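These numbers come from a predicted model, not from an experiment. Chain identifiers are assigned alphabetically (A, B, ...) following the order of the sequence lines, protein sequences preceding nucleic acid strands; residue numbering begins at 1 within each chain.
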Amino acid sequence: MRTSWADAVDNVATGSSDNAGTSGGKEQKSAPTKPAYVPPHLRNKTPASESPAPSLSGPPSGNDRSRYNGPTSGSQWAGSRSDYGRQGYGSGGRGSGGWGGRSGWGGREREVNPFGNDDVDADTEHAFNEQENTGINFDAYEDIPVETSGDNVPPPVNTFAEIDLGDALNLNIRRCKYVKPTPVQRHAIPISLAGRDLMACAQTGSGKTAAFCFPIISGIMRGHIPQRPRGVRTVFPLALILSPTRELSMQIHEEARKFSYQTGVRVVVAYGGAPINQQLRELERGVDILVATPGRLVDLLERAKVSLQMIRYLALDEADRMLDMGFEPQIRKIVEQMDMPPRGERQTMLFSATFPKEIQRLASDFLSNYIFLAVGRVGSSTDLIVQRIEFVHESDKRSHLMDLLHAQRANGVQGKQALTLVFVETKKGADSLEHWLCLNGFPATTIHGDRTQQERELALRSFKSGNTPILVATDVAARGLDIPHVAHVINFDLPNDIDDYVHRIGRTGRAGKTGLATAFFNENNMSLAKPLADLMKEANQEVPDWLTRFASRASYGGKSRRGGGRFGARDFRRDSSFNRSGSGNDYYGGGSGGGYGGYSGGYGPAATSAWD
DNA sequence: AAAAAAT
């Protein structure tokens with residue numbers, strides 16, 4: 001069995017890293033230019049200088065939105081963990097110099113360029129000395145509140161130049177046109193490079209993917225190359241990234257491939273609903289970083305196609321989702337009952353935009369002396385997303401939706417057709433609404449768990465390209481998906497959990513663009529009244545009086561908005577009611593406390609963030 | 001009660 005990194009060093013050819021059908025076309029379809037749609041509620045409200053409707057000219061992928069800022073410099077955080085002695089891991093912190101080992105890689109196989117034709121010369125100055133085409137509100141940087149807790153929190157960095165990620169990775173960072181780390185990257189990357197476990201709360205679209213990918217790729221590049229067993233049909237990835245949906249795993253894979261281009265670090269994705277054989281072939285060509293959904297991974301583990309015994313890095317994206325009732329047993333099985341090194345030996349990183357305390361407590365089982373990091377308001381309620389709640393009876397929802405869509409179509413949107421993402425509660429409801437929309441002349445498609453994987457991927461592509469500018473979705477599309485140009489999220493059916501609402505509306509208002517989120521509220525959603533009203537108030541949104549009244553009849557027992565205050569989430573270890581829970585050795589020790597409190601000034605309900 | 005995730 002070949003594994004890519006070892007192979008590269010041994011001058012053994014590996015397969016080219018063609019991409020297992022992960023699509024993600026970046027085709028920029030041009031559409032007739034029309035005046036921007038201005039939602040009625042904004043027409044008299046917004047300063048003329050601002051475009052109230054989302055601009056459709058952002059970068060192709062808004063997931064990580066900073067750009068490279070300068071040359072590389074010495075290593076400040078050549079972090080090494082203590083426990084990889086066997087493999088000598090951690091001893092290789094000698095900058096990118098130890099990285100010449102790609103010599104055996106280059107000649108034979110041409111790695112597919114994930115940057116496509118856009119691969120500008122990364123060394124040209126103009127490409128990265130400005131931030132002009134990112135559309136990111138960098139002013140928001142200084143105002144973003146940050147809470148860290150845990151022992152000896154490494155200080156944040158301000159530029160990529162302050163950290164030595166290695167030449168090859170730096171080049172890719174430039175190719176991605178990232179100039180400056182986003183807030184979560186500024187804090188999380190030094191923590192990860194120092195080898196620490198991490199629980200990070202950061203808003204959707206704030207650059208989480210890069211925040212965990214950069215340290216993983218860098219660590220693999222500079223770490224000692226472990227001897228991976230040969231001659232068995234089992235592969236031994238060094239890093240595992242788990243996510244709750246197939247499409248999100250695909251997206252992470254695509255991002256990670258860009259970051260690891262020409263580093264020799266190989267990224268493979270595995271998820272259900274697609275032929276396993278192709279994925280097996282990709283795995284057998286070598287894998288350093290495996291991105292997967294839980295079900296398919298368990299399958300691969302049980303067939304002994306994959307072993308986790310070499311795992312150094314474990315990252316859970318949407319970690320609270322991964323640890324909720326539906327997923328937790330599977331995750332526990334993968335992490336605790338297979339052959340993965342125990343916590344403390346591997347490095348574990350959990351990321352999400354929301355992190356309920358109960359889930360934090362569960363999560364601490366997987367972590368060792370970890371650092372808790374909350375960047376910005378957890379939950380996307382930024383001023384960039386205008387939230388509108390309307391009281392609509394069940395029977396009126398379709399005609400009301402029709403009104404919204406008509407208004408939108410009549411106005412059109414500059415450049416490209418505005419994309420509208422409609423969330424419904426059930427798969428059946430999704431099909432039926434899609435059918436009805438199509439009957440009524442609105443090009444719609446749908447994505448949900450009853451569709452074949454092929455249909456799902458086609459639907460997403462068709463939506464992204466603007467071919468089918470209306471996507472009806474269940475919660476399968478609620479988390480993590482980075483779909484540029486979503487102008488409007490409509491909660492046709494509201495979710496029961498406020499966190500789900502937060503993730504859903506986070507599909508718009510990305511990359512510093514404004515977005516609109518409309519929700520249909522009725523008597524079935526009473527349990528959401530209080531948390532919703534609280535969330536909107538916190539986000540400086542206009543709360544309808546009727547919603548305030550429902551909210552004040554607080555007898556509905558909905559989940560109240562997390563602790564209130566400036567952060568959407570707090571380290572549960574700071575909460576005395578959890579402090580005696582006996583969950584092991586992970587209590588907040590009162591140690592450095594990191595930068596907590598340091599940002600308390602200047603942050604109010606009106607603070608704007610590009611990181612939703 | 002629903003959704004997601006393996007075949």
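Close to B:dA4, at under 4.0 Å from its OP1 or OP2, lies no side-chain N or O of A:Arg246. A:Lys427 has a side-chain polar atom (N or O) that falls below the 4.0 Å cut-off from OP1 or OP2 of B:dA4.
With A:Leu290 as the partner, the side chain to side chain contact (heavy atoms under 4.5 Å, CB included) test is satisfied by one option alone out of A:Leu297, A:Val235, A:Ile241: A:Leu297.
If you take CG of A:Asp497 and C1' of B:dA4, they are 15 Å apart, rounded to a whole angstrom. Nucleotide B:dA6 holds its C1' atom 9 Å from the CG atom of A:Leu300, rounded to whole Å. Computed from coordinates, the A:Asp299 CG to B:dA6 C1' distance equals 5 Å when rounded to whole Å. The nearest whole Å value for the distance from the CD1 atom in A:Ile447 to the P atom in B:dA2 is 20 Å. Between the OH atom of A:Tyr501 and the P atom of B:dA2 there is a distance of 24 Å, given to the nearest Å. A:Phe327 has its CZ atom 5 Å from the C1' atom of B:dA5, to the nearest Å. Between A:Leu323 atom CG and B:dA3 atom P there is a gap of 22 Å when expressed in whole angstrom units. Counting to the nearest Å, the P atom of B:dA5 and the CG atom of A:Asp317 are 15 Å from each other.
Here A:Val298 lies out of heavy-atom contact (under 4.0 Å) with every strand. Heavy atoms of A:Arg456 sit under 4.0 angstrom from primed sugar atoms or phosphate atoms, though from no base atom. Counting non-hydrogen atoms under 4.0 angstrom, A:Arg321 reaches a base of the nucleic acid. If you check every strand for non-hydrogen atoms under 4.0 Å, A:Gly449 touches sugar and phosphate atoms only.
Comparing atom distances between the A:Thr474 side chain and each of B:dA5, B:dA1, B:dA3 picks out B:dA3 as nearest.
Using a 30° and 60° split on the angle between ring planes, A:Phe521 and A:Trp546 fall in the tilted class, from 30° to 60°.
A cation-pi contact, defined as under 6.0 Å to the ring centre and within 45° of the axis, links A:Arg573 to A:Tyr370.
For the 3.5 Å distance criterion, the side chains of A:His448 and A:Asp431 qualify, holding a donor opposite an acceptor.
A:Arg549 is linked by a salt bridge (Lys or Arg N to Asp or Glu O under 4.0 Å) to nothing, counting only residues two or more places apart in sequence or in another chain.
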